[in-house]
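Working notes, structure below.
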Amino acid sequence: MYRTHNCNSLRKTDIGKEATLAGWVHVSRDHGGVIFIDLRDREGITQVVFRPEENAQLAKEAHGLRSEDVIQVSGKVAARVPGTENSKLATGDIELIPNQLRILNRADDLPFPIDAEIHNEDLRLTYRYYDLRRPELSRNMRIRHRVAKATRDYLDSQGYLEIETPILSKSTPEGARDFLVPSRLVPGKFYALPQAPQQYKQLLQVAGVEKYFQIAKCFRDEDLRADRQPEFTQIDIEASFVTPDDIFALTEEMLAAIFKAARNIDIKTPFDRLTYREAGQIEELTETAKVFGAKGLAFIKVENGEWKSPIVKFFSEAEKTALKSKLKIEEGDLILFGADKWDIACEVLGRIRLRVAEIQDLLSTSVKGQSDFDVWDFLWVTDFPLLFWSAEENKWNAMHHPFTRPKAEDLSLLDDKKKFPEIRAEAYDVVLNGVEIGGGSLRIHEPQLQEKMFEALGISAQDRQSMFGHLLRALRLGAPPHGGIALGLDRLVMLICGAETIRDVMAFPKNNRGMDLMTQSPADVDPRQLRDLSIKLAGEKKKQD
Ligand code: ASP
């Protein structure tokens with residue numbers, strides 16, 4: 001047996017008892033020959049004291065211990081010398097006086113100190129297994145575990161089945177690039193890693209599962225930003241015979257269970273709701289600007305990596321780059337411009353700043369003196385537009401994905417291209433403190449409507465069959481009305497932990513170039529594997545020619 005207790009369990013009531021502990025040397029101090037070791041395991045810290053007058057040989061051995069050596073100590077629990085108790089430590093009243101020390105493993109020179117704030121994230125990521133020993137990260141891992149467990153427990157209590165869907169799968173359009181995996185057995189063909197289990201979860205509704213969920217790994221090959229990773233985790237949910245209200249209630253109760261389990265926080269339900277149009281505040285802000293003397297207000301809205309704005313076409317690349325770095329422009333930002341005489345521009349932008357603070361509820365937050373993490377402000381945004389025009393691709397795209405259903409009242413507008421911008425979808429996002437944490441929709445379950453939607457998106461009849469034939473066939477075999485939602489687990493845990501990036505709540509994240517610095521991946525592959533594949537790819541090409 002390696003240990004009788006963990007490093008956070010011995011208390012005053014244990015004084016006089018024998019105990020064996022195992023863990024890492026957190027800190028060691030030599031006070032005139034007496035060696036004090038803070039012994040750490042994942043539960044906490046216990047002070048271990050080697051006094052030469054009690055055991056000279058052992059004190060000598062302890063003298064050679066270095067930070068992060070792994071040791072086992074057995075001995076007697078004793079009261080600390082009066083006046084040296086540490087009230088900040090749960091074990092601060094006692095210490096262990098060992099009669100045995102076993103060095104289980106030594107640690108080399110350390111890449112960085114574990115108890116200091118390290119700003120070189122690349123270094124931290126290179127030694128991630130070491131970085132994860134830091135109490136803050138180990139706490140984040142625990143919270144993440146509790147969030148996942150609360151999710152499973154809650155959804156299980158509601159009759160939802162956890163079902164795994166394939167990782168080697170076929171492209172599903174969620175607005176990003178796919179990661180592709182070449183097939184060795186079917187030369188020239190590729191699997192796509194799932195951007196989301198969207199089609200599979202809908203097919204499970206056709207299969208009669210009725211209530212599905214999965215804590216699902218998703219893969220999107222996008223440019224990385226502060227809170228994006230090429231692989232991430234979703235709480236993915238789909239159900240049959242549901243209305244948006246059913247999904248809202250389920251999500252609200254699930255989030256309440258998660259917050260309770262993770263941080264013992266009671267969140268307020270039901271959440272407020274806003275339609276997408278109500279949430280579009282640019283028009284209102286423009287009106288405010290006019291009241292204070294401006295002729296208008298120019299804006300840039302950053303959405304899906306694109307700068308959406310009527311004025312951006314007048315900027316050179318250099319100007320755009322300068323703006324981006326000066327204003328630290330990121331996804332989701334709204335940049336408002338005023339141009340006029342100095343005093344008018346200042347007055348107008350000052351007023352706009354106040355109005356934005358009011359809309360975002362920043363004023364009341366500072367007045368109440370609360371920190372961001374005490375405020376849990378949830379919101380549903382509903383009735384998103386079904387389609388948006390992509391000037392780049394010169395075509396209509398689905399705002400959410402092509403399986404989202406239009407609102408019944410707007411169905412007829414699908415017959416008239418001019419009316420496309422007005423079509424609203426049964427789509428919703430859930431937002432926490434201004435950050436989108438999830439989104440979903442009711443789906444199209446009628447094959448004819450799905451065909452019509454594909455047509456509106458400019459997908460040819462042939463492509464419809466090759467890309468979505470399986471779905472269209474399934475919809476023809478008695479697909480029930482269904483809908484669902486997916487929540488970004490990493491982002492949710494990040495907000496719950498008060499972490500600054502999602503990397504701090506993932507065990508082995510990639511850096512902002514999509515690299516795992518610890519394993520040095522992506523890496524070259526075995527040249528023989530590559531040769532096998534490329535011979536087959538070349539052979540396939542020849543056949544096609
Ligand atoms: N598949 C969607 C997404 O990943 C979520 C959903 O519609 O349920 O955003």
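Remember, it's 1-based here, ligands and their atoms both numbered in the order they're listed. Just so it is clear, the model here is predicted, and its values are computed rather than measured. Just the heavy atoms: all of them, side chains too, but no hydrogens, waters or symmetry mates, feed the values below.
By the 4.0 Å N-to-carboxylate-O rule, Lys320 lies close enough to Glu317 to be salt-bridged with it. Comment: Lys217 engages Glu231 in a salt bridge, judged by a side-chain N to carboxylate O separation of less than 4.0 angstrom.
Contacts classified as ring pair (Phe, Tyr, Trp, His ring centres under 6.0 Å) and involving residues 228-270 (residues at least two apart or in different chains) are given here: Phe248-Trp380, Phe248-Tyr428, Phe259-Trp376, Phe259-Phe378. Within the structure, the ring pair (Phe, Tyr, Trp, His ring centres under 6.0 Å) test picks out no pair touching residues 143-183 (sequence neighbours left out). Applying the side-chain hydrogen bond (donor to acceptor under 3.5 Å, both in side chains) test to residues at least two apart or on different chains, the pairs with a partner in residues 195-205 are Thr172-Gln199, Asp178-Gln195, Gln198-Gln202, Gln198-His401, Gln199-His470, Lys201-Asp236, Lys201-Glu238, Gln202-His482, Gln205-Ser240.
Panel note: side chain Arg443, backbone Phe403; no donor-acceptor pair is recorded below 3.5 Å.
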What does the N/O contact table under 3.5 Å look like for ligand 1?
residue  : atom  : partner : partner atom : Å
ligand 1 : 1 (N) : Glu174  : OE2          : 2.8
ligand 1 : 1 (N) : Gln198  : OE1          : 2.7
ligand 1 : 4 (O) : Arg220  : NH2          : 3.1
ligand 1 : 4 (O) : Gln234  : NE2          : 2.9
ligand 1 : 7 (O) : Gln198  : OE1          : 3.3
ligand 1 : 7 (O) : His400  : NE2          : 3.3
ligand 1 : 7 (O) : His401  : NE2          : 3.0
ligand 1 : 7 (O) : Arg443  : NH1          : 2.8
ligand 1 : 7 (O) : Arg443  : NH2          : 3.3
ligand 1 : 8 (O) : Lys201  : NZ           : 2.7
ligand 1 : 8 (O) : Arg443  : NH2          : 2.7

